[in-house]
Amino acid sequence: MGKLVIVGTVAFDEIETPFGKTDKILGGAATFIGLAASQFNVDAAIVSIVGDDMPKKYLDLLSNKSINLDGLEIVKGGKTFYWKGKYHNDLNSRDTLVTELNTLADFNPVVPVDYTHADVVMLGNLHPSVQLRVINQMEKRPKLIILDTMNFWMDNALPELLETIKHIDVLTINDEEARQLTGEYSLVKAAHKIYGMGPKYVVIKKGEHGALLFHQDQVFFAPALPLEEVFDPTGAGDTFAGGFSGYLAATNDTSFENMKNAVIHGSNLASFSVERFGTERMIDLDKKEVNKRLHQFKALTQFDIELQ
């Protein structure tokens with residue numbers, strides 16, 4: 001069983017979309033990544049921080065998915081990171097209404113000793129200096145270090161982000177962020193510029209238009225599955241990252257060919273995440289549903305063509 005270290009937020013989200021709204025519910029990058037990775041035979045541990053306002057039922061939910069919480073710091077008297085947002089009608093854009101860092105403001109990650117030799121490290125969206133501190137705690141170089149980031153850090157911590165990117169193998173960002181990071185509109189050119197920063201592989205997420213995987217001169221494209229309903233896109237990118245990293249840790253194969261499979265698994269799981277608010281859909285997701293939809297992906301992408 002491969003070991004996977006997941007770094008990111010365990011948080012409260014409050015979400016409003018054209019289809020309804022929630023009170024405070026379980027969210028956070030590490031939560032979505034962990035739930036997605038739990039679909040595979042992988043020994044995963046979350047490294048994060050919460051306040052003692054985090055209900056035990058949420059922590060039990062993660063533990064019951066065989067996610068190790070030894071690296072989850074619970075601050076007595078502290079408050080958990082909280083985000084509130086409202087999505088526009090197209091669900092591709094949103095307004096952040098409230099962001100409260102709370103305990104996250106002083107987060108000093110500590111990787112559990114049993115996971116300092118992990119095969120794969122998935123660095124969810126956090127301040128790049130926090131991500132780098134995790135890398136520096138690994139006692140041996142993991143087979144794969146994957147980093148997810150966003151435009152906020154490009155605007156506010158670019159030097160730290162560029163330093164951390166030097167130490168990773170895979171960068172996952174969306175198309176807008178790839179263009180901002182590199183100054184290139186062409187995503188092919190953007191990927192090549194990112195190679196020069198350190199990563200060997202680049203995954204560019206395009207939301208409802210799928211995802212691109214780049215390695216040297218090789219490119220792979222995975223479409224997004226057309227869905228009848230998209231209810232809440234919060235956490236879809238993190239769910240993709242969890243499926244991608246979980247599959248690679250479970251299969252113990254970090255080749256480009258196997259990464260193609262990982263992209264499909266990540267896209268597949270993300271297609272479930274958007275069907276309900278927050279983590280609701282991922283909590284009860286079973287293997288039968290996952291495999292059925294994988295067959296839909298296969299039918300969507302495979303065809304025979306006659307060459308003239």
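Hydrogens, waters and symmetry mates are skipped; everything else that's a heavy atom, side chains included, is used. Keep in mind the model is a prediction, meaning the values are calculated, not measured.
A side-chain donor-acceptor contact under 3.5 Å links Q137 to the backbone of P109. In this structure, the side chain of S48 engages the main chain of G8 through a donor-acceptor pair within 3.5 Å. Panel note: side chain N258, backbone D253; a donor-acceptor pair is recorded below 3.5 Å. Remark: side-chain polar atoms of D169 are paired, donor with acceptor, to backbone N or O of I145 under 3.5 angstrom. The backbone N or O of F152 lies less than 3.5 Å from a partner atom in the side chain of N156, making a donor-acceptor pair. The main-chain N or O of M154 is never found under 3.5 Å from a side-chain atom of N151 such that the two would form a donor-acceptor pair. Remark: side-chain polar atoms of S38 are paired, donor with acceptor, to backbone N or O of L35 under 3.5 angstrom. N64 places a side-chain N or O within donor-acceptor distance of the main-chain N or O of D60, the cut-off being under 3.5 Å.
Of the listed residues (K193, R179, K189, H192), just one forms a side chain to side chain donor-acceptor pair (under 3.5 Å) with E184, and that residue is K193.
E257 has a carboxylate O that lies under 4.0 Å from a charged side-chain N of K260, or vice versa, which qualifies the two as a salt bridge.
Crowding of D217 atom CG: a count of heavy atoms from other residues, nucleotides or ligands under 6.0 Å not exceeding 12. Under a cut-off of 6.0 angstrom, the local environment of CG in D95 is crowded, with over 12 non-hydrogen atoms contributed by other residues, nucleotides or ligands. Within 6.0 Å of the NZ atom in K79, the count of heavy atoms belonging to other residues, nucleotides or ligands does not exceed 12. At most 12 non-hydrogen atoms from other residues, nucleotides or ligands lie less than 6.0 angstrom from CG of N89.
Contact annotation: the side chain of D284 never approaches that of D286 to less than 4.5 Å [non-hydrogen atoms, C-beta and beyond].
You'll find the ring centres of F12 and Y82 outside the 6.0 Å limit.
Linking Ile, Leu, Val, Met, Phe, Trp and Tyr residues whenever their side-chain heavy atoms come within less than 4.5 Å places F240 and V5 in a single cluster. Clustering ILVMFWY residues whenever any of their side-chain heavy atoms sit less than 4.5 angstrom apart, transitively, puts I74 in the very cluster that holds V47. Two different hydrophobic clusters hold V111 and V113 under the rule that ILVMFWY side chains link at heavy-atom gaps under 4.5 Å.
Taking both residues in full, the closest heavy atoms of P142 and V121 are given as CG-CG2, 3.7 Å, listed atom of the first, atom of the second, then distance.
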(message) If you apply the rule side chain to side chain contact (heavy atoms under 4.5 Å, CB included), what do you find for M282 with L285, and how did you get there?
(response) CA-CA 5 Å; M282 300 304 296; L285 188 60; 3.9 Å; yes
(request) Would you please test I67 and L69 for side chain to side chain contact (heavy atoms under 4.5 Å, CB included) and show each step? (result) CA-CA 6 Å; I67 300 169; L69 299 182; 4.2 Å; yes
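Ring pair Y201/H215 is parallel by interplanar angle, where below 30° counts as parallel and above 60° as perpendicular. Between F231 and F19, the two ring planes are parallel [angle under 30°; tilted spans 30° to 60°].
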